Visitor: 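Sharing a structure with you now.
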Amino acid sequence: MGKITVRGVRFATGQEYVFKLSMGVSALVVAGMLFWQFSNQPGLQKASLNTRITEVMRTELNKLDGIETIEVSARFTRGTLPNLNPVICELYLYNRNDSLSDEQVKKLVQDILHKRIKAENWNADPMFNITMLHYEGQAGKP
């Protein structure tokens, strides 16, 4: 099969140029695969993008008077809609503003957040599920 020499294990009939050629081809293949890997956005970037979208939503909601944020989250779907990269934005809000109905608040929040998220050019298409919460008791008492 092979012979042991001072230079290590070598095949007796092997050619040195074949070794150098195979090393060169292997290096080119690995370099090509690395280029391909890093030329596209990594899939794990969506996890950090979820966090950034959530922070943008919280920041914009804090600017609105009379609307309290209870819970906000954003998550990407597996993308079953053609030509869209849907991100589901779930919001749970509490309306303390007597001059706006719940439907008006939903429309206002959706319009503001949609414009703000699209302005960031994140290749995300926000879809909103806004739930208005109501508290029947007195605020601040158990």
Side-chain angles (χ1 to χ4, degrees), residues 1-2 4-11 13-142:
M1 294 303 253
I4 297 177
T5 65
V6 178
R7 294 175 47 200
V9 177
R10 300 282 185 260
F11 288 99
T13 59
Q15 301 294 323
E16 187 174 343
Y17 77 90
V18 173
F19 171 74
K20 289 180 181 179
L21 180 66
S22 64
M23 289 299 288
V25 170
S26 297
L28 286 175
V29 168
V30 169
M33 291 176 71
L34 286 172
F35 175 77
W36 180 42
Q37 173 70 30
F38 292 114
S39 66
N40 297 327
Q41 280 188 338
L44 296 176
Q45 188 176 9
K46 287 186 176 182
S48 63
L49 196 52
N50 288 344
T51 305
R52 290 167 62 190
I53 291 172
T54 301
E55 286 305 312
V56 164
M57 289 192 299
R58 285 190 187 279
T59 302
E60 291 300 315
L61 289 170
N62 285 339
K63 295 177 185 176
L64 299 175
D65 291 331
I67 300 171
E68 291 193 33
T69 304
I70 306 299
E71 180 68 33
V72 176
S73 66
R75 62 183 161 76
F76 281 91
T77 66
R78 293 191 181 254
T80 57
L81 299 173
N83 302 324
L84 288 176
N85 191 17
V87 58
I88 305 299
C89 301
E90 273 190 301
L91 296 94
Y92 293 90
L93 305 174
Y94 183 65
N95 185 9
R96 290 189 184 270
N97 191 338
D98 294 333
S99 63
L100 293 174
S101 70
D102 287 351
E103 291 304 315
Q104 289 172 323
V105 169
K106 286 181 182 183
K107 179 72 174 140
L108 174 71
V109 167
Q110 183 171 337
D111 290 344
I112 290 171
L113 294 181
H114 186 271
K115 287 176 188 171
R116 181 66 174 90
I117 292 169
K118 291 302 269 183
E120 291 290 334
N121 293 324
W122 282 326
N123 186 25
D125 298 300
M127 297 180 174
F128 296 94
N129 181 16
I130 302 173
T131 303
M132 300 303 295
L133 300 174
H134 300 279
Y135 181 65
E136 300 300 325
Q138 292 179 339
K141 294 190 177 187

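This is a predicted model, so every value here is computed, not measured. Sequence positions, counted from 1, serve as the residue numbers for this chain.
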Visitor: Tell me whether E120 is salt-bridged to R116, with the criterion being a basic N under 4.0 Å from an acidic carboxylate O.
Guide: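 Yes, this pair counts.
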Visitor: Give me the atom names and distance for the closest heavy-atom approach of Y94 to Y135.
Guide: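 For Y94 and Y135, the tightest heavy-atom pair comes out as CE1-N, 3.8 Å.
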Visitor: Is there a donor-acceptor pair under 3.5 Å between the side chain of D125 and the backbone N or O of L84?
Guide: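 Side chain of D125 to backbone of L84, a donor-acceptor pair under 3.5 Å: no, none is there.
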Visitor: Between the side chains of E55 and R52, is the shortest nitrogen-to-carboxylate-oxygen separation below 4.0 Å, so that they form an ion pair?
Guide: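 Here R52 does not pair with E55 in a salt bridge, since their nearest N and O are not under 4.0 Å apart.
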Visitor: Going through the distances and angles, do I70 and L93 end up as a side chain to side chain contact (heavy atoms under 4.5 Å, CB included)?
Guide: CA-CA 5 Å; I70 306 299; L93 305 174; 5.9 Å; no
Visitor: Just verifying a value: how many Å separate L49 CG and N123 CG, rounded to the nearest 0.5 Å?
Guide: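 It comes to 9.0 Å.
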Visitor: Restricting to non-hydrogen atoms, name the atom on R58 and the atom on T69 that form the minimum distance, rounded to 0.1 Å.
Guide: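 Here R58 and T69 meet closest at NH1-CG2, 4.0 Å.
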Visitor: For the CG atom of L91 and the OG atom of S73, what is their distance to the nearest 0.5 Å?
Guide: 7.5 Å
Visitor: In plain terms, say whether D111 and K115 are close enough for a salt bridge, that is, a side-chain N and a carboxylate O under 4.0 Å apart.
Guide: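 Answer for the salt bridge query: no.
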Visitor: Measuring only between side-chain heavy atoms, which start at C-beta, is V30 closer than 4.5 Å to F35?
Guide: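 Counting from C-beta outward, V30 and F35 never come under 4.5 Å.
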Visitor: What I'd like to find out is whether the side chain of I130 reaches to under 4.5 Å of the side chain of V109, using heavy atoms alone.
Guide: yes
Visitor: When you look at L100 and N97, which way does the side chain to side chain contact (heavy atoms under 4.5 Å, CB included) test go after all the steps?
Guide: CA-CA 6 Å; L100 293 174; N97 191 338; 3.6 Å; yes
Visitor: Are H134 and D102 close enough, and set up right, to give a side-chain hydrogen bond (donor to acceptor under 3.5 Å, both in side chains), and what steps lead you there?
Guide: CA-CA 10 Å; H134 300 279; D102 287 351; 2.8 Å; yes
Visitor: Roughly how far, to the nearest 0.5 Å, is the OG atom of S26 from the CG atom of L21?
Guide: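 These two atoms lie 9.0 Å from each other.
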Visitor: Check this for me: does any side-chain nitrogen of one of R96 and D65 sit under 4.0 Å from a carboxylate oxygen of the other?
Guide: no
Visitor: Does M33 reach the side chain of F38, with side-chain heavy atoms less than 4.5 Å apart?
Guide: no
Visitor: Looking at every heavy atom in both A74 and I53, which two are closest together, and how far apart are they?
Guide: CB-CG2, 3.8 Å
Visitor: What distance separates M132 CE from N95 CG, expressed to the nearest 0.5 Å?
Guide: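 M132 CE to N95 CG: 4.5 Å, rounded to 0.5 Å.
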Visitor: Return the CG to SG distance between N129 and C89, rounded to the nearest 0.5 Å.
Guide: 10.0 Å
Visitor: Could you go step by step and tell me if E68 and Y92 meet the side chain to side chain contact (heavy atoms under 4.5 Å, CB included) rule?
Guide: CA-CA 9 Å; E68 291 193 33; Y92 293 90; over 6 Å; no
Visitor: Just verifying a value: how many Å separate I67 CD1 and E60 CD, rounded to the nearest 0.5 Å?
Guide: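 Answer rounded to 0.5 Å: 12.0 Å.
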Visitor: Taking all non-hydrogen atoms of both residues, which atom of W36 and which atom of S39 are closest, and how far apart?
Guide: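 Reported closest heavy-atom pair: O-OG, 3.1 Å.
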